[in-house]
Amino acid sequence: MRELYLTQVTHAATGMSLVTNELGTIAYYITGEMGQTGNRLKILDKSAHVLAELEQASLGFLPRFTLRGANTQVGSIGLSLQLREVLFVSGVNWLILGNLDKQRFQISKMRHQLAASFPKGDGRLTIQIADVDNEVALVLITAFLDRWQFIASGRTAPWFTFMTGREPLLGSSYRELKPSLPSHSQFVTLGTSIKSHQKRR
């Protein structure tokens with residue numbers, strides 16, 4: 001089993017996160033934004049080549065996301081309405097069980113666990129990969145779940161949200177939730193970010 005560590009986003013669903021191995025070596029970069037139709041979250045290798053991406057296909061109570069690898073659609077994800085998430089990745093028949101608040105998830109197929117993630121306690125998520133062949137997609141999905149907490153009204157039951165209007169609904173626009181935060185276009189380019197990080201190492 002391979003263990004990776006994802007730098008968690010702290011206040012936004014945009015920007016770049018790093019994925020490192022047990023030695024602290026960078027394995028992947030996660031970049032992109034979410035919350036609106038057409039937004040994409042991508043996973044890149046150390047040379048900034050896109051390996052896979054999740055594109056938001058719809059909004060509403062049941063927003064859907066398309067998973068692509070090598071420019072080919074692999075599957076799609078539809079969010080549930082429960083605080084304890086139960087998600088299905090069609091196309092690959094993966095089941096995701098977890099909780100947005102606790103940031104604990106496991107991805108499985110039939111009775112076989114493919115990956116599990118949980119907070120490391122230092123601002124990172126530990127990702128344990130059992131299915132190394134599908135590592136890229138599993139890491140991307142985990143990063144997606146980490147970022148979605150800043151968009152979805154995950155800390156309020158959706159039916160309560162709908163009745164009171166106190167919180168945005170699942171799938172609401174990121175701009176509507178965080179209008180004071182910078183837009184994706186205001187972030188530095190990925191190439192500049194990578195070079196800056198490498199210089200600091």
Side-chain angles (χ1 to χ4, degrees), residues 1-10 13 15-34 40-56 64-80 84-150 152 154 190 193-194 197-198 201:
M1 180 177 292
R2 178 165 147 96
E3 196 163 279
L4 298 170
Y5 305 98
L6 168 70
T7 302
Q8 293 181 271
V9 292
T10 58
M16 184 175 68
S17 299
L18 302 179
V19 180
T20 58
N21 61 20
E22 294 173 302
L23 300 176
T25 303
I26 295 175
Y28 307 107
Y29 295 96
I30 306 291
T31 187
E33 65 178 326
M34 304 171 61
R40 298 179 181 183
L41 188 66
K42 302 176 181 180
I43 182 168
L44 303 91
D45 62 18
K46 292 183 290 186
S47 299
H49 296 135
V50 178
L51 302 176
E53 64 179 23
L54 268 170
E55 179 178 358
Q56 185 159 347
R64 295 203 66 83
F65 302 82
T66 301
L67 176 63
R68 293 189 178 88
N71 298 317
T72 302
Q73 181 170 334
V74 177
S76 63
I77 303 173
L79 290 185
S80 74
R84 177 176 172 81
E85 300 295 337
V86 180
L87 311 178
F88 183 73
V89 186
S90 63
V92 289
N93 297 326
W94 293 351
L95 185 66
I96 304 172
L97 299 175
N99 187 292
L100 280 174
D101 277 345
K102 295 181 179 179
Q103 289 293 280
R104 291 179 176 271
F105 300 97
Q106 68 175 34
I107 305 174
S108 59
K109 182 174 184 179
M110 301 297 286
R111 297 182 179 180
H112 303 288
Q113 181 171 292
L114 308 179
S117 62
F118 49 88
K120 184 173 172 58
D122 60 357
R124 295 182 294 170
L125 279 181
T126 297
I127 308 175
Q128 296 177 335
I129 303 291
D131 183 3
V132 179
D133 291 340
N134 287 301
E135 178 176 283
V136 168
L138 294 168
V139 171
L140 179 59
I141 290 174
T142 301
F144 157 74
L145 295 170
D146 177 52
R147 291 173 183 236
W148 190 253
Q149 64 176 310
F150 296 106
L190 176 64
S193 298
I194 292 175
H197 175 80
Q198 291 174 337
R201 284 176 57 83

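Just so you know, these numbers come straight off a predicted model, no measurement behind them.
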Note to self: Within the supplied structure, the quantity of interest is the number of heavy atoms (other residues, nucleotides, ligands) at a distance under 6.0 Å from M1 CE; does it exceed 12?
What the structure shows: yes

Counting only pairs under 3.5 Å, give me each side-chain donor-acceptor contact of residues 122-134, with atom names and distances, residues two or more places apart or in other chains.
from : atom 1 : to   : atom 2 : distance (Å)
D122 : OD1    : R124 : N      : 3.3
D122 : OD1    : R124 : NE     : 3.4
D122 : OD2    : R124 : NE     : 3.1
D122 : OD2    : R124 : NH2    : 2.8
Q128 : NE2    : E3   : OE1    : 3.2
D131 : OD1    : D133 : N      : 3.4
D131 : OD2    : N134 : ND2    : 2.6

Restricting to non-hydrogen atoms, name the atom on [X] and the atom on [Y] that form the minimum distance, rounded to 0.1 Å.
| X | Y | result |
| --- | --- | --- |
| I30 | A143 | CG2-CB, 3.8 Å |
| S76 | S90 | OG-OG, 2.7 Å |
| L4 | A27 | CD2-CB, 4.4 Å |

Check: How would you list, by chain and number, every residue that makes a salt bridge (Lys or Arg N to Asp or Glu O under 4.0 Å) with E55, sequence neighbours excluded?
Finding: R40, R68

Item checked: Residue list, ring pair (Phe, Tyr, Trp, His ring centres under 6.0 Å) with F65, at least two apart or on another chain -> F144, W148

Could you tell me whether the side chain of [Y] reaches within less than 4.5 Å of the side chain of [X], counting heavy atoms only?
| X | Y | result |
| --- | --- | --- |
| L67 | I77 | no |
| K42 | Y29 | no |
| T142 | F105 | no |
| F88 | N93 | yes |

Checklist line | Qualifying residue for side chain to side chain contact (heavy atoms under 4.5 Å, CB included) with I43, from V19, I141, V136 | finding: V136

Checklist line | From CA spacing to verdict: side chain to side chain contact (heavy atoms under 4.5 Å, CB included), Y28, L140 | finding: CA-CA 10 Å; Y28 307 107; L140 179 59; over 6 Å; no

Next item on the list: Before giving the answer on side chain to side chain contact (heavy atoms under 4.5 Å, CB included), spell out for L145 and L87 the whole-Å C-alpha distance, their side-chain angles and the decisive distance to 0.1 Å.
Entry: CA-CA 11 Å; L145 295 170; L87 311 178; 3.7 Å; yes

Note to self: I'd like to check the side-chain hydrogen bond (donor to acceptor under 3.5 Å, both in side chains) partners of R2; sequence neighbours left out, ordered by chain and number.
What the structure shows: E135

Item checked: Partner residues of S17 under the side-chain hydrogen bond (donor to acceptor under 3.5 Å, both in side chains) criterion, sequence neighbours left out -> R147

Margin query: I need the Q106 CD to I96 CD1 distance, nearest 0.5 Å.
Written below: 10.5 Å

Check: Got a sec, which residues hit side-chain contact (heavy atoms from CB on, under 4.5 Å) with H49, two or more places apart in sequence or on another chain?
Finding: D45, S47

